[in-house]
Amino acid sequence: MRTPYLACALIALSGCQGLSNYTSRISSDFGQCFRGRVAAAAGLYVEAEITTHLQPAVGFADVALMPRYSLEWDPSRTAAGELRTAAFPTLLVGWPWFGYQETADGYGETRPYLRGVIAPLILMNNRHVARRSGSLLALHHWIPNPRLVDPELSELNTPPPPRRPSDDYWVGASATLLLARFDFAVNPLEFWDLVFGIIGFDLLDDDVGSDRAPSSETPNTEAPNTEAPNADGTGAAAAAVPELAAEQADDETP
């Protein structure tokens, strides 16, 4: 008589576990739709962000001490600390000196005055810790900052923080006003991932506990050849072929 009750209890328990995993994934997807921060900082800097293709900034520079000195929610896992510089109006003030760009061999007049004139017009900005730039319509790709694209010229000598595919689709704004930084953004791509996740489909394949892996990480099922080479150096492959092994034995017979 106890068997039906035990079976029902097991079914109910498995259903609860499945519901718990479902709500966990949904709450994770919801948390990845937003980014907010109030951090201790220094500088004067204002930036708008409508994906990485429209990311202009004005001001001079700012440095923020996060996440240690901040109240934040940042699912993109920004690196500890951030240093940003804006081309407008900074390069206009120092225009005559920015015709020279640093190369691996020292300073050279690689693009005379091009960067100092165009960068402020496209409202270019640089994120020195993340080693990437932003501007209007992503026009900064035509005049990249050599210190960000060339690891040998980087002051940090460390790889940039990893980025998720959805990190290119934030829409928001941030501003540093003297001693504080304010940052808020939403991610439309993560919002659609949340909508599809409600009906059980992982659009971005980023749910916690997902057993799916990229095809590039598919493990190699072939067993490695660990057999030691022969004394004459012909290797194990020759010994595995009977005809070739017989020919080698005949050649070694005096």
Side-chain angles (χ1 to χ4, degrees), residues 34-102 107 113-141 143-151 153-163 167-187:
F34 305 94
R35 184 186 72 204
R37 176 182 295 111
V38 177
L44 190 61
Y45 185 97
V46 178
E47 177 183 292
E49 183 177 8
I50 306 176
T51 76
T52 55
H53 297 285
L54 193 61
Q55 195 172 4
V58 297
F60 295 96
D62 75 336
V63 57
L65 305 176
M66 54 195 190
R68 172 171 291 186
Y69 300 104
S70 67
L71 298 175
E72 65 175 63
W73 174 259
D74 187 1
S76 58
R77 295 182 292 275
T78 305
E82 189 171 46
L83 170 64
R84 302 183 297 184
T85 56
F88 181 86
T90 308
L91 292 190
L92 296 181
V93 177
W95 174 75
W97 291 273
F98 285 95
Y100 293 86
Q101 293 187 4
E102 188 175 356
Y107 283 91
Y113 304 111
L114 180 63
R115 176 178 167 79
V117 174
I118 297 181
L121 297 179
I122 64 176
L123 302 182
M124 183 175 174
N125 56 85
N126 300 308
R127 297 172 180 246
H128 295 267
V129 177
R131 296 236 300 266
R132 59 187 181 90
S133 302
S135 66
L136 289 172
L137 303 177
L139 294 177
H140 61 277
H141 292 297
I143 51 171
N145 188 327
R147 288 186 174 274
L148 303 185
V149 299
D150 190 348
L153 299 179
S154 175
E155 300 93 337
L156 301 176
N157 195 25
T158 56
R163 287 175 60 80
D167 287 341
D168 294 334
Y169 296 93
W170 287 104
V171 177
S174 65
T176 297
L177 305 175
L178 298 181
L179 298 177
R181 173 177 171 178
F182 306 92
D183 183 2
F184 179 78
V186 296
N187 196 311

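In what follows, every heavy atom counts, from backbone to side chain, and hydrogens, waters and symmetry copies are set aside. Because the structure is a prediction, the values reported are computed rather than measured. Just so you know, residue 1 is the first one in the sequence shown, and it goes up from there.
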Closest non-hydrogen atom pair between Y45 and A57, with its separation: OH-CB, 3.4 Å

Please name the pair of heavy atoms, one in P56 and one in N125, separated by the smallest distance, quoted to 0.1 Å. C-ND2, 3.9 Å

Closest heavy-atom contact between F34 and P75? O-CD, 3.2 Å

Minimum heavy-atom separation for S135 and I122, please, with both atom names. CB-O, 3.5 Å

Residue pair D74 / R37, side-chain heavy-atom distance below 4.5 Å: yes

4.5 Å side-chain heavy-atom contact, H140 and N126: no

The test is side chain to side chain contact (heavy atoms under 4.5 Å, CB included); show your working for V58 and L123 and say whether it passes. CA-CA 6 Å; V58 297; L123 302 182; 4.0 Å; yes

Closest heavy-atom pair, I143 versus A119, reported as atoms and distance to 0.1 Å, is CD1-N, 3.7 Å

R181 and side-chain contact (heavy atoms from CB on, under 4.5 Å): which single residue from L178, D183, L177, L179 fits? D183

Atom OG1 of T90 and atom CG of L44: how far apart are they, to the nearest 0.5 Å? 9.5 Å

Using 0.5 Å steps for rounding, measure from the OG1 atom of T85 to the CZ atom of R127. 10.5 Å

Checking side chain to side chain contact (heavy atoms under 4.5 Å, CB included) for the pair L54/L136: CA distance, chi angles, key distance, verdict? CA-CA 5 Å; L54 193 61; L136 289 172; 3.7 Å; yes

Rounded to the nearest 0.5 angstrom, the NE2-CG distance for H128 and N145 is 6.5 Å

Hey, does S174 have a side-chain heavy atom less than 4.5 Å from the side chain of F184? no

Quick one about R132 and T52 (side-chain donor to acceptor, distance below 3.5 Å, no hydrogens or angles considered), yes or no? no

Between P89 and G59, the two heavy atoms sitting closest are CD-O, 3.1 Å

Please step through side chain to side chain contact (heavy atoms under 4.5 Å, CB included) for the pair R84 and T176, ending with a clear verdict. CA-CA 10 Å; R84 302 183 297 184; T176 297; 3.7 Å; yes

Can you tell me how far CG of L139 sits from CE of M124, rounded to the nearest 0.5 angstrom? 10.5 Å

